[in-house]
Amino acid sequence: MDAFEGASLSARAMAARPAPYLDELNPAQRQAVETMDGPVLMLAGAGTGKTKALTARIVHLLNTGRARPNEILAVTFTNKAAREMKNRVGRMLGETVEGMPWLGTFHSICVKLLRRHAELICADDDDEDGVVEGAPSLHLKSNFTILDTDDQLRLLKQLIQAAGIDDKRWPARQLASVIDAWKNRALTPDKVPSADANAYNNKGVELYDQYQRRLLELNAVDFGDLLLHMVTIFQQHPDILRKYQNWFRYIMVDEYQDTNVAQYLWLRLLAQGHRNICCVGDDDQSIYGWRGAEVGNILRFEKDFEGAHVVRLEQNYRSTPHILAAASGVIRGNSNRLGKELWTEAEHGEKVRLIGHWDGEEEARWIGEEIESMQRGTRGARAMGLDEMAILVRASHQMRAFEDRFLTIGLPYRVIGGPRFYERMEIRDAMAYFRIVTSPDDDLAFERIVNTPKRGLGDKARQTIQMIARQNGVSLLDGATLAVEQGAIKGKGAKALGELVVNIARWGRMTRATVAADGDAVVEDLLTPQPTKTEVSHVELAQIILDESGYTGMWQNDKTPEAPGRLENLKELVKALESFENLQGFLEHVALVMDNDSDDGGAKVSIMTLHAAKGLEFPAVFLPGWEDGLFPSQRSMDESGVKGLEEERRLAYVGITRAEEVCTISFAGNRRVFGQWQSQLPSRFVDELPEDHVEVLTPPGLYGGGYGAAAPSASMSAGVEARAAAADGYNSPGWKRLQARASERPVSQPRESKASVIDMQAVAAFMIGERVFHQKFGYGAVIDVEGDKVEIHFEKAGIKKVVSRFIKPAAEADDVPF
DNA sequence: TGGTTGTGCATTTTT
DNA sequence: TGCACAACCA
């Protein structure tokens, strides 16, 4: 079956004349839709109807007969966005959406393409004259498996060990991220610039090379390869590139600000011919710099594609003026922008609300109650449903506080973007079973399941299998068979392994039987007698595999609290099989298609990270945890400096602009970090909120009432006055002044408070260069002061960041000069 | 082999 | 604080 075949809706779409969808657009949107030839950059702010415009453009292309559905390449970043766009196109056309095979994520499209050309990826392919001795040159095969992060780590770990590198000092995940970054920048091992060569203890490139070779041996690719391989193929095979350039007559890219170098190259190669490329994006919403996205791509679009039309979408249909103004105020702090001013016709609306809390738990408690009262309609103009509210956090560990709280008060919630369904351990185990059954060469799958459930096969047994397999040049599964036959493995393990091998072979036969039955054997079925034993559907077979292998049993006997959930997931997995023809088809699609959108009814509050919230909108949004170090994240600032800070600010912008009616920002004075209580300063972004559009709320509990003793722990129990002081400092309009004072005051001052009392005002009482003493780290010199955190170069312990109340001026600690 | 205990470290963000 | 991994013991 060729994906290039025409699609059913094309004929009708092309015949259609009227274009009612155009009437629904505003002038800017309409311009973006009707500028059909040549490069177009649609600069679309948050909530300006860019998806609508993009969809209309697709429909218009079809409607005017400029392209057939399968000649349009439309790329999104998430499966969800792709699905949504398909649905919208279908709705606009009043047709089903089967006909847009090239609407999808970068990854899903590249999988399709790469399966057609996999054999072009090989080792040592440019050497014509016999280089390889003995070893046949390796080619990728079209049935390659896609490595997930876990497999990738396992593989790298093996390589690191083989290279004799101390895994503790250079963990595999570090190598993984180095390689990942290279792939994002479209750097194959031979192209890694020498400036990067010292990455990973100078062994980075070498290991990268070995890793790629190993992947080829395993007939596998990782996420980055999907794109990178396609770029390589396009670069090395102009004829193939030309074929696709001609085929994809129109190219559309959503969220262009998030493209990395590899994606950018890929797109540029494809668009080179006709240059009918339309990119949509918002430089202010570029929040994936950390995984290689280059805001530069959107900033230099006009240079890349000369004569590009730039259309600005600036009318916002989503939020109230106050919310919009607050977001604009924050994003104004960034310097490198294309510049857009969003405006709205909406008039009324609440100001953005700001509230400070004593600690993270109180914050969760307050938000919980606020949600309940909004639900009842006691607060604000109308009663809201739970699914109209969302809590957006910076880092996923912040979710815990809310989950705890909501569980105790019985507030239904849903966490979006947790570990994806197919990434869960049990799902991957089950998939590994399916994989080894359908393709016995899959060594990764074999490794994963040999001893799951426990079969008494430990490290030694596995090494033996490895060895035998390598000696005979066969797969691990065959190696295991040999090992059993030769008696290389003894005892319980041998028996269990023997059974496993036999079972896998048997299931494999059953699979092939079901494939045949599902296939085109209708006529033959009438002629040949029914194959008696093979009358199982692939769904039943999957169940049989899981049951007979003992995998289901393993979880049934497991008494940990997660076990029932895992069994539930397995059931779901088996159910998901129903929509596929056979196991093989399922395996090909699952990794890229399945997500955990389990819409198990009932209105629920959504909890998610800011990243996961991009593209979504909610009437009411809570943005907790606006504290320096948490948001903006310390790490982001440490690693990428101003660039990092600007990305954090864009994240703040994304957060605020998710809100339609009510936006509530909050921060806590104290937070538990690694089980330690730490005092926090409000985020610098809080200061950047324009005062006229913000209402500062007073937290409950300030006047003695409210929540009783919320003292976080005995040692830190601060007593009423400190608490009141904290709350007062933050929530009277003085919160801004307090911060100003703190930052103006890197001067050494005698501090009055004792360390046992939390005093918000006791911040930053040290001077840069001052010699200080710390109980644990000893003596050191102050390098930097930031809020109440002081960065110190300790003589013994190196550079550390310490909360100021844990250090003393060196003179106080010890008068003896050094 | 497999289970247990102990240590050290960690929290961004994900197709 | 809690998880992951390593060393240890049965």
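Keep in mind that what you see is a predicted model, and the values were worked out from it rather than measured. Chain A is the first sequence line, chain B the second, and so forth, proteins listed ahead of strands; every chain is numbered from 1.
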Flag, side chain of [X] to backbone of [Y], donor-acceptor distance under 3.5 Å:
X	Y	result
A/Arg115	A/Ser142	yes
A/Asn184	A/Asn260	no
A/Asp225	A/Asp222	yes
A/Arg405	A/Glu362	no

Next item on the list: Report the nucleotide, chosen from B/dT15, B/dT13, B/dT11, that has the shortest atom-to-atom distance to any side-chain atom of A/His397.
Entry: B/dT11

Next item on the list: Return the nearest nucleotide to the side chain of A/Lys157; candidates are B/dT15, B/dT14, C/dC5.
Entry: C/dC5

Next item on the list: Check whether the aromatic ring of A/Phe223 stacks on the base of B/dT15, taking stacking as ring centres less than 5.5 Å apart and planes within 30° of each other.
Entry: yes

Margin query: Stacking between A/Trp290 and B/dT13, defined as ring centres under 5.5 angstrom apart with planes under 30°, is that present or not?
Written below: yes

Checklist line | Geometric class of the A/Tyr551/A/Trp555 ring pair [parallel <30°, tilted 30-60°, perpendicular >60°] | finding: perpendicular

Rounding to a whole Å, what distance do you find between [X]:[atom1] and [N]:[atom2]?
X	N	atom1	atom2	answer
A/Leu651	B/dT11	CG	P	18 Å
A/Gln285	B/dT13	CD	C1'	16 Å
A/Lys80	B/dT14	NZ	C1'	14 Å
A/Gln676	C/dG2	CD	C1'	13 Å
A/Tyr288	B/dT13	OH	P	11 Å

Just call it for [X]: base, sugar-phosphate, or nothing, with non-hydrogen atoms closer than 4.0 Å on any strand.
X	value
A/Phe674	base
A/Arg671	nothing
A/Glu639	base

Item checked: Nearest-nucleotide 5' precedence on DNA chain B, A/Ser633 against A/Phe77 -> A/Ser633

Check: If we take the P atom in both B/dT13 and C/dA4, what is their distance in whole Å?
Finding: 14 Å

Note to self: If the cut-off is 4.0 Å, is A/Thr609 near the phosphate of B/dT14, judged by side-chain N/O to OP1 or OP2?
What the structure shows: yes

Pick out the pairs of N or O atoms, protein on one side and nucleotides 1-3 of chain B on the other, that lie under 3.5 Å.
residue, atom, partner, partner atom, Å
B/dT1, OP1, A/Ala461, N, 3.2
B/dT1, OP2, A/Lys460, N, 3.2
B/dT1, O5', A/Gly458, N, 3.4
B/dG2, OP1, A/Gly456, N, 3.0

Note to self: Tell me every residue that passes salt bridge (Lys or Arg N to Asp or Glu O under 4.0 Å) with A/Arg173, counting only those two or more places apart in sequence or in another chain.
What the structure shows: none

Check: Of the non-hydrogen atoms in A/Arg448 and A/Ala432, which two are nearest, and what is the gap between them?
Finding: CD-CB, 3.8 Å

